[in-house]
Amino acid sequence: IMGRKSSSLVVTLAVLFGAMTAICVTLIVLMFTKTTHTGQLYSSKPSDPEPTAPPQNQPYLVGVGRADCTGPAADVPLMGYANTQQKAAGIHTRLYSRAFIIDDGSRRVVFVTADVGMISQRVRLEVLQALQQKYGDVYRQDNVVLSGTHTHCGPGGYFQYTLFMISSGGFIKTSIQPLVDGIVKSINRAHQNMRPGRIYRNRGELDHSSINRSPHSYLNNPEDERLRYKDNTDNQVLVLKFTDLDGDGIGMLSWFAVHAVSMNYTNRLVSSDNMGYASYLLEQDKNPGELPGQGSFVAAFSSSNLGDVSPNTRGPVCMNTGLPCDYLNSSCPVGGTKMCAAFGPGDDMFESTRIIGQNIYRKAKVRTCKPALGHSFAAGTTDGGGDLNFTQGAVEGDPFWDGIVGVLLGKPSNETKECHHPKPILFNTGEMNTPLPQLIMLKMLIMDTEVVIAGLSNVYTHYITTYEEYQVQRYEGASTIYGPHTLSAYLQKYRGLARAIAQNQVSELPVGPEPPFFMESLVSLLPAAPVDRKPANTSFGEVLQQVYPIYRQVGLTCGVPQGSELRDKTFVTVEILDNRTETWEVVHTDASWETRFHWLKGSNQQSNATIQWFIPPSAPSGSYRIRHFGHYKALKGLRPIISPYEGSSDVFRVASSFYY
């Protein structure tokens, strides 16, 4: 009888214990829900990432892709400064198109940011044509956004309108084709990589990386309007982080308002400038062991409302005296406007590009964890402690509670646990898929809509100033092509568009007129690429100036790097010898920050190239060589023939000391 009574008692206690456990867990969940609702998810602090999700508790479909869009690197005008003498003569860094596709189950959107001055209407039309041929109506005019980073050091010649054709050498097929192909290819790769995932939002302020280049115009705005802002530029950085369902990062898209003009008008190397360098740094960080432009993680830094925002933070000075330029006219007493120039924080334009790009990268990289509450959260505070056996200061989990909560709400991923260390996770809120937090997130999205200006997108219409800034007629006002009421007209249109988006009435909007796609009158003002020649008794790719045995610059005979034969490839490699296998491993290409490929147009149609490798402190000691790849144009009878060539330096050593 005692045995039966004991058994009944054990069963009864077990049932009661189970019921009490369920009640406790429910109370904690409710307590968590209340705290989250009033605190964490509504926080706008830069350190709090905010997960977003589509309706019906389904993850997004997300895809990211990247592709080379560099174009010709010789004798083509660079787009941005409108300086016809600024023609490409080599490569500082390669240019890339980066694509992001988001599908919430009811709508699909493509956002592309490309290392280019701006997106021309012609580029957009050709991209849409290519997408229609491949995907039908999946990617269309109403769900594809193409944006340019606004680098002023990419090849020009991709506009179909006269003003731009005059300043960039006409319509240049060898410029527009790599750009269109690169954008389409990046979208293709994003499409192929689509998978269920999540998107996290973050924002913060970045100081000391930009200035207003027309402060006099800004001061003409009404005082009450200026008092709404703490600065005369927009310093906000907005970041979207894309992950798969396991929480592994697959991409990052960021917006920051600054001109990509750290590389100034004297530069003749193709360059992605400061925004491209920020992408380079983050992609190298997230794709360890990969060469630039390779690896699955895609990081894009996109342009925003950058109209009067300059990265040249030291401001404008007279180059002949070092004194500040005239405040209103940006001119100097001797030399006028040509003697007035603004400078960045570095000793030269390369150093300034590095500093500004690194600042942007560091701000976007600040690592935050997916939301999670630790065991000490359940202990409460001295102002009101918890009722369960939790204590503050806990740095180790409790198997009992971890097991129960893990079954009910899901266990945290290894990435989340490592990120939150030493905090033991009790509630894995950032990776929960249950309906309760989903409703909170949906409410957050409705209550806290994020609006971002994606500048230089789809078509270029110069500048948009306020009515007051227009009256001052500095550069930005003079470039507001539709007159003093341009901003008012845009605001009127955008109010209607925003209302249609908010009310889900986009389909009811009029399509508007189709832009023209000109087939005639598109002429190139550049001469055809000539036949390449070389000195007698030499070969293309032959080294003219050898490296030193222990380590410098390398000069070679080369062809004109203007064709498309090396698209998605490289003109330069730096290679290290693997002594174990006696094979050469590529450690840098012409897309690397550490290399520069200079092309020099010589006499009698002869070209030389100089390759520089700025050896970083992190370079391993060992044996190296530098190689150059290219193509030259020759005539076979009357028919032009394009042939490949390559050249290599002698082997040289990199050592920590000359006395190795």
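Sequential numbering from 1 along the given sequence is applied to the chain's residues.
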Kindly say whether [Y] contributes a backbone atom to a donor-acceptor pair with the side chain of [X] at under 3.5 angstrom?
X: S592; Y: E594; result: no
X: R213; Y: P311; result: no
X: S303; Y: G148; result: yes
X: H259; Y: H150; result: no
X: N193; Y: R189; result: yes
X: Q86; Y: N267; result: yes
X: T70; Y: L95; result: yes
X: K363; Y: E205; result: yes

Anything under 3.5 Å between a donor and an acceptor, one on a side chain of residues 337-349, the other on a protein residue two or more places apart or in another chain? List them.
{"residue": "D348", "atom": "OD1", "partner": "F350", "partner atom": "N", "Å": "3.1"}
{"residue": "D348", "atom": "OD1", "partner": "E351", "partner atom": "N", "Å": "2.7"}

Task: Within-4.5 Å side-chain heavy-atom neighbours: E469 and Y218 - done: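 Side-chain contact under 4.5 Å: yes.
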Open item on the list: Do S296 and N287 make a side-chain contact, defined as non-hydrogen atoms from C-beta onward lying under 4.5 Å apart?
Closed with: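 In short, these two side chains touch, coming nearer than 4.5 Å.
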Open item on the list: Against V574, only a single residue in T589, I611, V587, D590 fulfils side-chain contact (heavy atoms from CB on, under 4.5 Å); can you say which?
Closed with: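 Among T589, I611, V587, D590, the one meeting side-chain contact (heavy atoms from CB on, under 4.5 Å) with V574 is V587.
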Open item on the list: Show, in sequence, the C-alpha distance, side-chain angles and deciding distance for R140 and N143, and conclude whether the side-chain contact (heavy atoms from CB on, under 4.5 Å) test is met.
Closed with: CA-CA 6 Å; R140 313 170 303 276; N143 69 350; 3.7 Å; yes
- [ ] Quick one: which residue pairs count as a salt bridge (charged side-chain N to carboxylate O under 4.0 Å, His left out) with a foot in residues 108-121, not counting sequence neighbours?
- [x]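 Qualifying pairs: R98-D115, D103-R108.
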Task: Plane angle bin for Y280 and Y277 - parallel if under 30°, tilted between 30 and 60°, otherwise perpendicular - done: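 Rings of Y277 and Y280: parallel, as their planes differ by under 30°.
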- [ ] Begin with the C-alpha distance, continue with both residues' side-chain angles, and end with the deciding distance and a verdict on ring pair (Phe, Tyr, Trp, His ring centres under 6.0 Å) for Y475 and H216.
- [x] CA-CA 12 Å; Y475 176 84; H216 185 76; over 10 Å; no
